K.L.:
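I have a structure I would like to understand better, so I am pasting it below and will then ask my questions one at a time.
What you see below is based on every heavy atom in this structure, not just the backbone, and it leaves out hydrogens, waters and symmetry mates. What you are looking at is a predicted structure, and each value in this text was computed from that prediction instead of being measured. Below, chain A is the first sequence line, B the second, and so on; all start at residue 1.
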Protein chains: 4
Amino acid sequence: MKTETITPQSQETIRNILDTAAQIFAEVGFAGARVDEIARRANVNKAAIYYHIGSKEALYAQVLQEIFSDLSERIVQHVQEAQMPEEKLRVYIRQIGQTLQTRPQLAAIMMREIASGAQHLPDVIMQTLVQMISILTTILKQGEEAGVFTPSIPLMIHFMIVGQFIFLRTSKHLISQHQEAVPESFKSTHQTISETIVEEVENLVLRAVKK
Amino acid sequence: MKTETITPQSQETIRNILDTAAQIFAEVGFAGARVDEIARRANVNKAAIYYHIGSKEALYAQVLQEIFSDLSERIVQHVQEAQMPEEKLRVYIRQIGQTLQTRPQLAAIMMREIASGAQHLPDVIMQTLVQMISILTTILKQGEEAGVFTPSIPLMIHFMIVGQFIFLRTSKHLISQHQEAVPESFKSTHQTISETIVEEVENLVLRAVKK
Amino acid sequence: MKTETITPQSQETIRNILDTAAQIFAEVGFAGARVDEIARRANVNKAAIYYHIGSKEALYAQVLQEIFSDLSERIVQHVQEAQMPEEKLRVYIRQIGQTLQTRPQLAAIMMREIASGAQHLPDVIMQTLVQMISILTTILKQGEEAGVFTPSIPLMIHFMIVGQFIFLRTSKHLISQHQEAVPESFKSTHQTISETIVEEVENLVLRAVKK
Amino acid sequence: MKTETITPQSQETIRNILDTAAQIFAEVGFAGARVDEIARRANVNKAAIYYHIGSKEALYAQVLQEIFSDLSERIVQHVQEAQMPEEKLRVYIRQIGQTLQTRPQLAAIMMREIASGAQHLPDVIMQTLVQMISILTTILKQGEEAGVFTPSIPLMIHFMIVGQFIFLRTSKHLISQHQEAVPESFKSTHQTISETIVEEVENLVLRAVKK
DNA sequence: AATGAATGAGAATTCATTCAT
DNA sequence: TATGAATGAATTCTCATTCAT
């Protein structure tokens, strides 16, 4: 059994590239990103990116892949563990919230992707999304049947959840950018939200779907 | 008596440029947009864009300006006309929904802007946003005092509203792009939503804030 | 006899254009000059330049023409009036010096022209130059024959004269541009020169050619 | 033993670019120069110029820098070696003359620079010029004190020297350009000058300052 | 005569990608 | 693996000139 000869330090180089790329794609999007800049900020020679990854598009796909890979798994697993529809829905929301907190770039990248009609989203990722909606649909249906949820459209609920998290996360940036234009009260409120954000979203969504 | 010579022909050219630019910026974002392409699709000489507008950045700023200019006005005006907090909130939501339906590009552009920390958003526009939040805050407070709303955080409610609309609108594209990965049921549902979308969002939000 | 119907106010427009153009060509050269800029600074519509003059090249030629037209005449005339070779040479120098003082742009334009091999100099102007050299040659020969001048090469003497004036004039700008790098003493000296510059050059050249 | 690998190939590319650029800037000036043309004539990809140098302006600055760097050193060194003021002055003139013969572009570039008020001349170069004037001032003062020179203004003497060389050099071009307008005698004379040009200038200047 | 608008042909600069070592 | 250099294809922007009024 090979145990560790797989990759000496190139592993580190690749890690570096992917992390930096994720950051930059989040900041300026695919079209706005510059391979030169990614190389510079990753402390890596530009040619190394091509050696290891292949192309800017491949780099982007890999970044997305990485970011999405565990989200779906986590949801499937944790939702199963919960019993009641209400609790399952909370788990669903919580997993999304936590993923977005762990991978802060995901929000920005997703927003751009959705804005441009997901032209760059590999099908693998689309399937992940569809799978998530299916899970949510099941949860909501169970809730309806159990008489605790009012009828609602799963897709809208999903976007309600994702939208909340994404907007709140990305808007932090937005607010700090325009300090002058934002009143004091606004800022402190925002601060408070960030800390209990997941719980807030849970409550809001639950209120919206509960009978 | 000539009553219609008011518009020198250049007005039309500029209109053309701005509309086409709005469309393209919505499709591919600022970095992805090509001035050549804008000129081509606007049936305008590229140099004319520089003659009338000045630069790609100025073009983008002007597009944003235009798109935002009337939203805030509409909200201020219509909200005043409504009486009860509940109705005021519905009006607030409806105006946003209608603006996004009239100017379909707004949603996509906003998503990108928020994703990149609103680096391009002029302060004028930020102020518009802040003003909108203030109005919403007043509505929610009145509702609380009247005993019809449960306490909630205005900023989150705002993003809940905007997020819903934006996501639903932009996701139409997304779904049609990835036909293969999307199940039949999913699509028809989506179709249905689009038609009653504004009403749906109203209900969802109202349920979320009502006592 | 027509007395004044020749040109109403277009005369003024043309004057404006030519003067501004002379200034700008002196500042940045032919290639560096922008027709837009000339129009702007002349308070004239750009199309008017084309209406009145025809093209950028034509504008340049006309500017040169104007500037050179009277120089040669003045020299021919005044040199004849002087008697002794020494006095004739002084007159020659003085006329050049005065022309350059009246038309400050001439120096800069000439320097550029010479630097680029006079590609833009119309033959008319070349002939003027050649004529001037002939006059100088005659003066110097007469001086030699009269035993007051030492043999010298007319072309060099001409360049000595013109070079002095042109360099001194253009270098004023140069010195004021780089205040920090220029010592105090340097500046005041320069000031003094400017006032008696013509006389200085006369003496210098006379000393150089006298026996 | 390899003794010549010191120069990585990029050195050659840069050398090529700078030499070609110097040539072209001399021919047509900064504004008239085309980066495309420089690349073409240097047998270098246009992007390589940007890779190595950065911009057209940077290229120009570097060309100026290079051309001036050794002139000042040479003068300082050689003038010291001479004993008598008269000989020192000849050395001063000779060094300038030889530099202009080695770097034929210098003359043309300097003329344009002076014509446009030395907007592009970095202060480093201005300091070089000022230093040269200081040296000349010292020489002339010593000559006066020794009773061999008549009082004169150093700046004018300097421009007399430089002007002569520059004009003579650049005017070669001028004359060949306008063959038709130039009489036979004129041309042959000019030929003769070129060969003994340095010596001629020395004599001319010496005569002008000697008592 | 005069002008705002328009335009085609550049011109500087950028950028993803490849190459030689 | 890694890297400095090179490159072709854009891409933004400029500019002399023309047009319609």
K.L.:
How many whole angstroms separate atom CG of C/Asn16 from atom P of E/dA1?
P.N.:
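Between P of E/dA1 and CG of C/Asn16: 15 Å.
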K.L.:
Please determine whether a side-chain nitrogen of the Lys or Arg among D/Arg15 and D/Glu12 lies less than 4.0 Å from a carboxylate oxygen of the Asp or Glu.
P.N.:
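Not counted as a salt bridge, because no side-chain N and carboxylate O are separated by less than 4.0 Å.
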K.L.:
Flag the pair D/Phe68 / D/Met110 as yes when at least one side-chain heavy-atom distance between them is below 4.5 Å, and no otherwise.
P.N.:
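They are in contact (side-chain heavy atoms under 4.5 Å apart), so the answer is yes.
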K.L.:
Could you tell me if the side chain of A/Thr20 sits less than 4.5 Å from the side chain of A/Val44, heavy atoms only?
P.N.:
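Side-chain contact under 4.5 Å: no.
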K.L.:
Where do A/Val35 and A/Leu59 land on the side chain to side chain contact (heavy atoms under 4.5 Å, CB included) test, with the steps shown first?
P.N.:
CA-CA 10 Å; A/Val35 178; A/Leu59 179 55; 5.9 Å; no
K.L.:
Determine whether a donor-acceptor pair (N or O, by modelled atom type, separation under 3.5 Å) exists between the side chain of B/Arg112 and the backbone of B/Ala26.
P.N.:
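Yes, because the side chain of B/Arg112 sits within donor-acceptor range (under 3.5 Å) of the backbone of B/Ala26.
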K.L.:
Could you tell me how the ring of A/Tyr60 sits relative to the ring of A/Phe25: parallel (under 30°), tilted (30 to 60°) or perpendicular (over 60°)?
P.N.:
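The arrangement is perpendicular - the two ring planes meet at more than 60°.
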K.L.:
For A/Glu66, look at atom CD and say whether over 12 heavy atoms of other residues, nucleotides or ligands are found less than 6.0 Å away.
P.N.:
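Atom CD in A/Glu66 is crowded, with more than 12 foreign heavy atoms closer than 6.0 Å.
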K.L.:
Starting from P on E/dT13, measure out to NE2 on D/His52 and report it in whole angstrom.
P.N.:
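Nearest whole value for this atom pair: 17 Å.
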K.L.:
Starting from P on E/dA1, measure out to OH on C/Tyr51 and report it in whole angstrom.
P.N.:
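Taking OH of C/Tyr51 and P of E/dA1, I get 5 Å after rounding.
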K.L.:
Name the pairs: protein N/O against N/O of nucleotides 12-14 of chain F, kept only if under 3.5 Å.
P.N.:
residue	atom	partner	partner atom	Å
F/dT12	OP1	B/Ala33	O	3.2
F/dT12	OP1	B/Lys56	NZ	3.3
F/dT12	OP2	B/Val35	N	3.2
F/dC13	OP2	B/Tyr50	OH	2.7
F/dC13	OP2	B/Lys56	N	3.1
F/dC13	N4	B/Lys46	NZ	2.4

K.L.:
Between C/Phe30 and C/Glu113, does the side chain to side chain contact (heavy atoms under 4.5 Å, CB included) criterion hold? Intermediate values first, please.
P.N.:
CA-CA 9 Å; C/Phe30 179 80; C/Glu113 273 308 324; 5.7 Å; no
K.L.:
Using atom CD1 of A/Ile24 as one end and atom C1' of E/dC15 as the other, report the distance to the nearest whole Å.
P.N.:
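It works out to 14 Å between those atoms.
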K.L.:
Should stems be defined as at least three consecutive Watson-Crick or G-U pairs with both distances under 3.5 angstrom, which of them involve DNA chain F?
P.N.:
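The stems are E:2-21 with F:2-21.
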K.L.:
For D/Arg15 and F/dA5, what is the distance between atoms CZ and C1' respectively, to the nearest whole Å?
P.N.:
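One finds 18 Å between C1' of F/dA5 and CZ of D/Arg15, rounded.
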K.L.:
Using a cut-off of strictly less than 4.0 Å, decide whether D/Ser10 has a side-chain nitrogen or oxygen near OP1 or OP2 of F/dG4.
P.N.:
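It does not, given that no N or O in the side chain of D/Ser10 lies less than 4.0 Å from OP1 or OP2 of F/dG4.
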K.L.:
Atom CD1 of C/Ile49 to atom P of F/dC15: distance rounded to whole Å?
P.N.:
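Going from C/Ile49 (CD1) to F/dC15 (P), I get 14 Å.
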K.L.:
Roughly, in whole Å, what's the span from CD1 in B/Ile14 to P in E/dA6?
P.N.:
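Answer to the nearest Å: 8 Å.
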K.L.:
Mind calculating the distance between CG (B/Asn43) and P (E/dT7) to the nearest angstrom?
P.N.:
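One finds 10 Å between P of E/dT7 and CG of B/Asn43, rounded.
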K.L.:
Pairing donors with acceptors under 3.5 angstrom, does anything connect the side chains of B/Gln23 and B/Glu27?
P.N.:
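Distance-only check passes for B/Gln23 and B/Glu27.
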